[in-house]
Amino acid sequence: MSVAPRVVLMGRSAQSYRPLLRESLTTFWGVDSWLPGEPVQALQDVLANAHAVVLGADAHTFAEFGIAPYRIDAHPNIRLLQLAFSNHDWLRPGMLPPGARVCNVQAHAITVAEYVMAVLLESAIGLRHMDAALRAGDWRHSGALFGQPHGELYGKTLGLIGCGSIGAEVAQRASAFGMKVIAVARHARQQPPLAWVGGMERLDELLVTSDCVVVACDLNEGTRGLLDAGRLQRMKSDAFLVSVTRAGVFNEEALYSLLAEKRIGGAALDVWFRYPSSLADAAQNPCPSRFPFHELENLIMTPHAASWTVAHHQRRWRLVATNLDCLARGEMPHGIVFEETES
């Protein structure tokens with residue numbers, strides 16, 4: 001670029017990582033910021049000189065309701081909308097000026113894969129129940145006293161629905177535990193350590209075969225409602241389900257019924273059907289579904305926290321810096337998920 005480019009950081013998360021972003025950049029950028037609640041005109045003033053916009057991880061609270069009201073599309077100099085998170089199913093044509101690209105970051109795969117292995121191990125070993133029992137003086141799980149044995153992951157079959165960056169990281173870790181890993185994906189490609197990988201036409205085969213099912217596919221028109229009552233009931237009666245994908249991949253009622261009626265062994269869910277608007281609002285509206293998932297004993301519930309680590313966010317913002325450097329040098333950015341059509 002002939003003039004020093006400028007970027008607008010939108011959201012409190014983006015603002016908090018401003019020092020790391022500056023430290024990671026190898027090209028010079030002027031940096032402006034805007035927070036929800038500040039005058040929209042103030043945003044328009046900084047967008048007028050911007051070449052890129054970065055949405056922080058907290059920006060889903062306004063991004064998913066559409067960024068069109070902020071009129072980013074009215075500023076033709078903007079060439080990049082960089083998401084410092086992975087979700088992009090809310091994008092629609094007309095949100096950006098013609099020719100602008102949207103990129104996301106996939107630095108969460110390592111952290112999410114560790115979460116998946118943690119809940120799979122918990123499902124097999126049951127540390128929570130052992131701990132609670134022994135604290136109450138109950139030695140029923142003791143091997144020394146020939147009590148109730150626990151399970152193990154070795155030799156089990158793990159089925160991946162979706163085999164992108166998260167699926168690949170899960171497959172490596174599960175294979176290290178001696179599990180057989182199979183997968184279905186929209187773009188099937190054989191890769192170690194998978195026993196087999198097929199297209200979505202093999203989904204039913206995967207569900208029938210797997211002892212553990214990990215759902216890690218994107219939410220799109222092809223996967224919305226993919227796991228309905230008919231599909232879910234194909235799982236083994238003792239199977240364990242882990243979901244780290246958008247809740248829209250499931251039929252909400254069917255998933256609740258499956259667990260409430262104990263037609264599978266259990267599940268761990270990290271992504272939900274509804275969210276409070278803030279931590280303060282969560283105290284008044286804590287339920288993540290219209291169904292009482294919180295009453296189920298065969299469910300591990302976590303509040304969309306699988307990727308929420310300091311190291312993960314640092315990786316994300318270094319990737320954001322890399323894409324800004326690419327834009328400044330006239331190079332193709334990484335992780336393109338959407339491109340506004342030229343008029």
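In the hydrophobic clustering of ILVMFWY residues, with side-chain heavy atoms under 4.5 Å counting as a link, I336 and F338 come out apart. Under the 4.5 Å side-chain heavy-atom criterion for Ile, Leu, Val, Met, Phe, Trp and Tyr, M200 and I182 are members of the same hydrophobic cluster. No continuous path of hydrophobic side-chain contacts links V215 to V208 [ILVMFWY only; heavy atoms under 4.5 Å]. Tracing side-chain contacts under 4.5 Å through hydrophobic residues (I, L, V, M, F, W, Y), one never reaches L47 starting from L35; they form parts of separate clusters. One hydrophobic cluster, built from ILVMFWY side chains closer than 4.5 Å, holds both F291 and L296.
Scanning all heavy atoms of the two residues, the minimum distance from G56 to F85 falls at O-CE2, 3.2 Å. Considering all non-hydrogen atoms of both residues, T245 and V271 come closest at O-CB, 3.0 Å. Of all non-hydrogen atoms in D228 and A254, the two that sit nearest each other are C-CB, 4.1 Å. In this structure, V242 and L120 approach most closely via the heavy-atom pair CG2-CD2, 3.8 Å. Smallest separation of non-hydrogen atoms from F28 and A4: CD2-CB, 3.7 Å. Contact detail for D270 and A305: the closest heavy-atom pair is OD1-N, 2.8 Å.
A distance of 5.0 Å separates CG in L259 from CD1 in I264, rounded to the nearest 0.5 Å. Atom-to-atom distance recorded for S24:OG and L324:CG is 10.5 Å, nearest 0.5 angstrom. Rounding to the nearest 0.5 Å places CD of Q15 at 10.0 Å from CZ of R12. Atom CE of M235 sits about 10.0 Å away from atom CG of D211, to the nearest 0.5 Å. Put simply, CD1 on I300 and CZ on R128 are 4.5 Å apart, with the number rounded to the nearest 0.5 Å. Between the CE atom of M332 and the CG atom of L327 there is a distance of 11.0 Å, given to the nearest 0.5 Å.
Within a 6.0 Å radius of NZ in K236, other residues, nucleotides and ligands contribute more than 12 heavy atoms.
V54 places none of its side-chain heavy atoms less than 4.5 Å from the side chain of Y17. Taking the side chain as every heavy atom from C-beta outward, M179 and C212 approach each other to under 4.5 Å. With contacts defined as side-chain heavy-atom distances shorter than 4.5 Å, the pair P288/L269 does not qualify. Using a 4.5 Å cut-off on side-chain heavy atoms (C-beta onward), L226 and R231 make contact. Side-chain contact check for N298 versus F240: every heavy-atom pair is 4.5 Å or farther apart. L158 is not listed as a side-chain neighbour of F177, based on a closest heavy-atom distance of 4.5 Å or more. Within the 4.5 Å cutoff, side-chain heavy atoms of I161 are placed close to those of L207. S257 is listed as a side-chain neighbour of R263, based on a closest heavy-atom distance under 4.5 Å.
Contacts of E205 classified as salt bridge (charged side-chain N to carboxylate O under 4.0 Å, His left out), with partners at least two apart in sequence or in another chain: R202. The side chain to side chain contact (heavy atoms under 4.5 Å, CB included) check on R224 picks up L219, E221, with sequence neighbours excluded. Take H304 and apply the ring-ring contact (aromatic ring centres under 6.0 Å, His included) test, not counting sequence neighbours, and it matches Y275. Partners of R274 according to the salt bridge (charged side-chain N to carboxylate O under 4.0 Å, His left out) rule, which considers only residues two or more places apart in sequence or in another chain, do not exist here. Annotation: side chain to side chain contact (heavy atoms under 4.5 Å, CB included) contacts of I125 (sequence neighbours excluded): L121, L127, M130, H150. With sequence neighbours excluded, the residues satisfying ring-ring contact (aromatic ring centres under 6.0 Å, His included) with F293 are Y256, W272. With sequence neighbours excluded, no residue satisfies salt bridge (charged side-chain N to carboxylate O under 4.0 Å, His left out) with E201.
Sequence neighbours left out, the pairs with a member in residues 22-49 that pass salt bridge (charged side-chain N to carboxylate O under 4.0 Å, His left out) are R6-D32. Annotation: salt bridge (charged side-chain N to carboxylate O under 4.0 Å, His left out) contacts involving residues 161-177, sequence neighbours excluded, comprise E169-R173. Sequence neighbours left out, the pairs with a member in residues 135-159 that pass salt bridge (charged side-chain N to carboxylate O under 4.0 Å, His left out) are D131-R135, D138-R140. Screening residues 308-322 for side chain to side chain donor-acceptor pair (under 3.5 Å) gives T111-R315, H312-R316 as the qualifying pairs, with residues at least two apart or on separate chains.
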- Item | Criterion side-chain contact (heavy atoms from CB on, under 4.5 Å) on L194 and C163, from CA distance to verdict | CA-CA 10 Å; L194 299 175; C163 201; 3.9 Å; yes
- Message: Between W34 and L9, is the side-chain contact (heavy atoms from CB on, under 4.5 Å) condition met? List the steps.
- Response: CA-CA 6 Å; W34 182 82; L9 307 181; over 6 Å; no
- Message: With side-chain contact (heavy atoms from CB on, under 4.5 Å) as the criterion, how do M10 and L55 come out once you've worked through the C-alpha distance, each side chain's angles and the decisive distance to 0.1 Å?
- Response: CA-CA 5 Å; M10 294 179 67; L55 296 185; 3.7 Å; yes
- Message: For a side-chain contact (heavy atoms from CB on, under 4.5 Å) check, start with the C-alpha distance between V7 and Q82, then their side-chain angles and the critical distance, and finish with the verdict.
- Response: CA-CA 10 Å; V7 59; Q82 176 66 56; over 6 Å; no
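Between the N77 side chain and the A50 main chain, no donor and acceptor come within less than 3.5 Å of each other. Within the 3.5 Å criterion, the main-chain N or O of P193 finds no donor-acceptor partner in the side chain of Q172. In terms of modelled atom types and a separation under 3.5 Å, the side chain of N323 and the main chain of P333 share no donor-acceptor contact.
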Got a list of side-chain donor-acceptor pairs under 3.5 Å for residues 97-109, not counting sequence neighbours?
unit_1	atom_1	unit_2	atom_2	d
N104	ND2	S86	O	2.9
Q106	OE1	S165	OG	3.4

